Structures are given as C-alpha cells and as structure tokens.
Amino acid sequence: MKSLALILILCAMLPLTQAACYFKELKPGMTRCQDDVDKTWHAVGSSWRNSKCQDCTCERCCDGMPKVMPSAGCKVEYDYQTCTFRVFNPRDPSAVCSHGAVGK
C-alpha cells in the first residue's frame with residue numbers, strides 16, 4: 001500500500017520536472033508587463049523568449065534550455081543567441097561526453 005502511495009506521489013510530481021518556472025503576479029487592469037531579464041515591455045496575453053532563453057508570458061517565465069550536467073572532464077557551453085548548448089571535453093575535442101539534463 002505504501003508503494004502505491006509513493007508511485008502516485010511521484011507520478012503527480014512528474015509535470016513539475018519539465019522546466020524551472022517562476023510565476024509573477026498579474027495585477028487587475030494591467031495591459032503590459034516588463035520582462036525581468038531584458039526589461040522589454042509586452043502586452044498581456046502575449047508570449048516571448050528573452051535573451052536568457054526563458055519562455056515567458058506576463059504571468060510566468062520557464063527555462064527554455066535544460067540545466068546540463070556533463071560527465072567528469074567535460075564542460076557545457078550555452079549559446080544564448082540560438083538557445084542551444086554543446087557538451088565537450090576541453091582537453092580532447094574528439095572525445096564523446098555523456099551528460100544528463102534537468103528541465104526542458
């Protein structure tokens with residue numbers, strides 16, 4: 001019975017693991033909001049991607065790229081222009097690096 005309860009709790013939490021999000025208060029009567037990163041203004045109801053690759057609305061922003069955990073000896077390099085990343089070994093560029101990721 002305890003195993004079943006644990007499985008149900010873990011399944012309920014699964015959607016929460018997809019991306020790191022934070023929520024913002026939308027005050028009554030607001031017609032625009034400001035992006036916390038770029039300081040750009042957006043209409044309520046619109047969505048955008050900011051320069052840190054966060055997918056945002058006026059009510060929330062979520063990471064658009066995963067948090068990558070490279071294997072030992074490897075590094076991760078994020079490209080915020082294209083919202084991509086690469087995992088590499090700085091001492092041996094031909095080596096294959098394994099990695100895990102959390103988030104989107």
Side-chain angles (χ1 to χ4, degrees):
M1 189 62 140
K2 289 181 183 179
S3 297
L4 179 60
L6 181 61
I7 289 171
L8 290 173
I9 289 170
L10 292 175
C11 287
M13 292 177 63
L14 188 60
L16 301 175
T17 64
Q18 297 304 309
C21 297
Y22 66 91
F23 295 87
K24 303 181 283 185
E25 183 181 357
L26 186 60
K27 295 181 177 132
M30 284 180 64
T31 58
R32 299 184 324 146
C33 63
Q34 190 175 35
D35 182 271
D36 295 332
V37 174
D38 297 334
K39 305 301 182 204
T40 52
W41 289 92
H42 301 274
V44 169
S46 66
S47 60
W48 66 93
R49 179 169 273 190
N50 65 26
S51 63
K52 289 294 182 189
C53 300
Q54 294 175 325
D55 296 318
C56 298
T57 68
C58 287
E59 296 178 276
R60 64 153 179 79
C61 284
C62 296
D63 288 342
M65 286 197 299
K67 300 297 180 220
V68 177
M69 296 158 287
S71 57
C74 295
K75 293 188 176 202
V76 63
E77 181 179 88
Y78 292 97
D79 182 342
Y80 290 103
Q81 296 291 318
T82 60
C83 295
T84 58
F85 66 92
R86 72 181 187 105
V87 180
F88 64 98
N89 183 324
R91 294 183 186 189
D92 182 4
S94 65
V96 175
C97 289
S98 62
H99 65 278
V102 176
K104 198 163 194 161

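Computation of the quantities below employed the complete heavy-atom set of this structure, encompassing side-chain atoms and omitting hydrogens, waters and symmetry-equivalent molecules. Computed from a predicted structure; not experimentally measured.
Asp38 contributes a side-chain N or O that, together with a main-chain N or O of Ser51, makes up a donor-acceptor pair within less than 3.5 Å. Looking at Asp35, its side chain does come within 3.5 Å of a backbone N or O of Val37 through a donor-acceptor pair. Looking only at distances, no side-chain donor or acceptor of Ser98 sits under 3.5 Å from a matching main-chain atom of Ser71.
In terms of the side-chain hydrogen bond (donor to acceptor under 3.5 Å, both in side chains) criterion, Ser46 has no residue partners (sequence neighbours excluded).
Closest approach of Lys67 and Tyr78 over heavy atoms only: CA-OH, 3.6 Å. Here the closest non-hydrogen pair linking Cys58 and Ala43 is SG-O, 3.8 Å. The minimum heavy-atom distance between Lys24 and Gln34, with the atom names listed, is NZ-O, 4.2 Å. The two atoms that bring Arg60 and Cys62 nearest to each other are NH1-SG, 3.7 Å, heavy atoms only. Smallest separation of non-hydrogen atoms from Pro70 and His99: CA-CB, 3.8 Å.
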Exercise. Might you work through the disulfide bond (SG atoms under 2.5 Å apart) test for Cys74 and Cys97, ending with a clear yes or no?
Key: CA-CA 6 Å; Cys74 295; Cys97 289; 2.1 Å; yes
Please tabulate, for the side chains in residues 80-88, all donor-acceptor contacts under 3.5 angstrom to protein atoms that are two or more places apart in sequence or on a different chain.
residue, atom, partner, partner atom, Å
Thr82, OG1, Asp79, OD2, 3.2
Thr82, OG1, Thr84, OG1, 2.7
Arg86, NE, Glu77, OE1, 3.2

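With rounding to the nearest 0.5 angstrom, the OG1 atom of Thr57 is 8.5 Å from the CG atom of Leu26. The CZ atom of Arg49 lies 4.0 Å from the CG atom of Asp55; values are rounded to the nearest 0.5 Å. Note that CH2 of Trp48 is 5.5 Å distant from SG of Cys56, once rounded to the nearest 0.5 Å.
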